[in-house]
Amino acid sequence: QGVYGLDLISGSYEVSYLLEDSSIQGSQTLYVEYSDHKSVVIAASDVIADVSLTMRLDNTTFSGTVYGPDGSPKQAFVSLLVNGRYGQSVSFLTAATGQFSVEVQPGDYTMYVTRVQDKRVALSDVRFSRNTPLEQRIDLVDGKYLSGRVTAADVGIGISLTLTNGSKKLQTSSDSYGDFSALVPSMDYTVSASTSRTENGISISYSLSTKVSVRTTDVYVDLAMLRDTRRGVAVSWNENLTQTAAPGVKVTYVVTVTNTGNTEDTFTCSFSGSGFNVTFSPSQFTLDFGTNNKQVVVVEVVPGDEVAAGSTMVNCLVRSKIAGSTRADMNLYVNVAPSHSVRVYSLNGSAPVSSTSTVTSFELNNTGNVPDNFDLQVSNLPELAALGWTAEIVESANGTVVQNVSLPAFGTKTLYVRFTSTRTNAGPSAEASVLAVSRNHTGAAAYGNVPVMLPDLVIGAGDIDVERSDVSYEYDASRLYIDLILVVSLVSLVVTFFVLKRKKGLSRSGKK
């Protein structure tokens, strides 16, 4: 609570009050003292001595002498540049004899000492502890000028620069044209700086960090600060404006593309999905950043016949032409309207004739984009009867009769028409006209002609066996052997006849 009390004998007293503390000022923490002093006279009665402490910096004393390369004292300018959280930078000029004594905040510093008239310099680390005075000798060496020009976006810029060697950090600045110069000892330095500037209404960061070697001569460097370039893109559109379109019908969307980076970029638009025909206007464009960073793109979408009904995402992509990893999805939605259609076509495939019946396969295809249920029938039964046939639709070659089939969107099913002859000379070119009609949309119907498939050659029982694929045959080998023996015997008789005739003189030449 700050209350105190002392039992003292009568007399005159000098009372000192001291509190050591720290205080944060900006980015630095400083050592401070709170103090006061009072004269108090103690007599017959108690004395009340209230005090209000006054804050002051709790500095330490730094003293010493600056010497030139020849060992003689030299007047110089000393800068103590704070290197950490604690401390307060300070600069001063020594006496003509090189001597100095100053009050300095405890902390870590870079000590930079210059004597520009003869290019002498010293650069070193120094630490000051609280309540501990420090005395130090400073020796100057020959220095060199490290000069140059700092630019951002090819324009000179005034900025604070840091020259670093190990733990030693020297601060210097460039003027409004970007020019700077610092007298330094011969060693290697890392020159670093950072700043920001407003371009097209947004803040752009620039930075540099480069190594410079200073040895036997002055050094000049051009320092171009690097731009913190970021690329980005975003796409927006009003999903409440999702449109409905039947397959083959065009709908139009308006999309806004935003360059969210901080540099000009060229973007391309593309369709990355399937089932739709998508065009962009424009499909490629160059977009600025900042205040003029938006582009309106008109997207025309046509659903294909193979897209199922319902809300469907149209996957599109906007991508940087310069940096392909910079991209944004342009996912549009189209409510594809239901479409009913069907197709029937013959597969011209048949099975071997069984008794009086044969089957021919055909395919039923739901070409609509919604599940559907189809009624099936052979619609030309009278014409088939006149050719000597009856026909019915069956599920398989030997399956049951089918009158109705349910198919998913774009689904397909293989069925058969079973033909049965009603007479022995039934017409071989008969065709069943298969009709498929949607129960959900009577306007969706299709015909398909499925022909009766008969063998090309029919031979009864005997020496040749016939199968369909397409015709194969085989001989009765025993009969072939008998035929060969008879032929050989006949040839032998003919040869014997001519030999006997010649021996008996029966030829014309013999008569002569």
Side-chain angles (χ1 to χ4, degrees), residues 152-154 196-206 226-341 343 365-370 408-410:
D154 298 326
S196 61
R197 63 197 299 262
T198 300
E199 299 177 8
N200 287 355
I202 65 175
S203 179
I204 306 297
S205 298
Y206 285 84
L226 299 178
R227 190 180 193 272
D228 178 25
T229 298
R230 294 178 289 105
R231 299 183 186 275
V233 62
V235 178
S236 62
W237 67 286
N238 189 350
E239 292 190 18
N240 294 325
L241 300 179
T242 297
Q243 300 185 55
T244 299
V249 177
K250 179 176 67 178
V251 290
T252 302
Y253 292 84
V254 177
V255 177
T256 300
V257 178
T258 304
N259 180 358
T260 58
N262 62 10
T263 187
E264 182 182 88
D265 212 337
T266 299
F267 299 98
T268 60
C269 303
S270 61
F271 173 52
S272 57
S274 61
F276 293 85
N277 183 17
V278 183
T279 58
F280 306 90
S281 181
S283 60
Q284 179 174 306
F285 48 89
T286 298
L287 196 53
D288 207 348
F289 66 98
T291 54
N292 300 307
N293 65 341
K294 297 183 184 299
Q295 172 71 48
V296 173
V297 177
V298 177
V299 186
E300 294 181 344
V301 181
V302 180
D305 294 335
E306 67 275 17
V307 181
S311 181
T312 304
M313 181 184 292
V314 182
N315 303 105
C316 303
L317 187 67
V318 178
R319 181 186 336 214
S320 167
K321 191 174 181 181
I322 299 171
S325 59
T326 301
R327 59 180 65 191
D329 292 327
M330 185 196 295
N331 293 329
L332 308 175
Y333 289 88
V334 176
N335 187 22
V336 181
S339 173
H340 296 267
S341 61
R343 181 185 179 195
N365 180 211
N366 177 10
T367 54
N369 61 8
V370 290
F410 315 114

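With values rounded to the nearest 0.5 angstrom, Asn331 atom CG is found 9.0 Å from Glu239 atom CD. Residue Thr326 holds its OG1 atom at 7.0 Å from CZ of Phe267, rounded to the nearest 0.5 Å. Expressed to the nearest 0.5 Å, how far CD of Glu300 lies from OG1 of Thr279 amounts to 4.0 Å. A distance of 9.5 Å separates CG of Leu332 from CG of Asn315, quoted to the nearest 0.5 Å. Note: Arg197 CZ to Arg227 CZ = 9.0 Å, rounded to the nearest 0.5 Å. To the nearest 0.5 Å, atoms CG (Asp228) and OG (Ser203) are separated by 9.5 Å.
Among Val314, Thr252, Val249, the one residue that satisfies the side-chain contact (heavy atoms from CB on, under 4.5 Å) test with Val301 is Val314. Screening Thr229, Ile322, Ile204 against Thr263 for a side-chain contact (heavy atoms from CB on, under 4.5 Å) leaves a single residue, Thr229.
Nearest heavy-atom pair across Thr260 and Ala234 is CG2-CB, 3.8 Å. Summarising the geometry of Val257 relative to Leu287, their closest heavy-atom pair is O-CD2, 3.7 Å, with the distance given to 0.1 Å. Asn366 and Pro408 make their closest contact through ND2-O, 2.9 Å (heavy atoms, listed as atom of the first residue, atom of the second, distance). In this structure, Val370 and Ala409 approach most closely via the heavy-atom pair N-CB, 3.5 Å. Across every non-hydrogen atom of Pro303 and Phe276, the tightest pair is CA-CD2, 3.5 Å. Closest heavy-atom contact between Val318 and Cys269: CG2-SG, 4.0 Å.
At least one donor-acceptor pair under 3.5 Å links the side chain of Ser341 to the backbone N or O of Thr367. At least one donor-acceptor pair under 3.5 Å links the side chain of Asn200 to the backbone N or O of Phe289.
Trp237 and Tyr253 have perpendicular rings, their planes meeting at more than 60° on a 0 to 90° scale where under 30° would count as parallel.
Leu317 meets the side-chain contact (heavy atoms from CB on, under 4.5 Å) test with Ser270, Arg319, Arg327, Asp329; sequence neighbours excluded. Glu306 pairs by the side-chain contact (heavy atoms from CB on, under 4.5 Å) definition with nothing, not counting sequence neighbours. Residues satisfying the side-chain contact (heavy atoms from CB on, under 4.5 Å) test with Val254, not counting sequence neighbours, are Val296.
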Inset, instruction - Evaluate the criterion side-chain contact (heavy atoms from CB on, under 4.5 Å) for residue pair Thr312 and Val334; output intermediate values, then yes/no. - result: CA-CA 5 Å; Thr312 304; Val334 176; 5.6 Å; no
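Residues Phe280 and Met330 meet the side-chain proximity criterion, which asks for heavy atoms closer than 4.5 Å. Side-chain contact between Asn259 and Asp288 is absent, with no heavy atoms from C-beta onward closer than 4.5 Å. Inter-residue side-chain proximity for Val336 and Asn369 is flagged as met; some heavy-atom pair is nearer than 4.5 Å.
One side chain, Thr286 or Thr266, offers a donor N or O that lies under 3.5 Å from an acceptor on the other.
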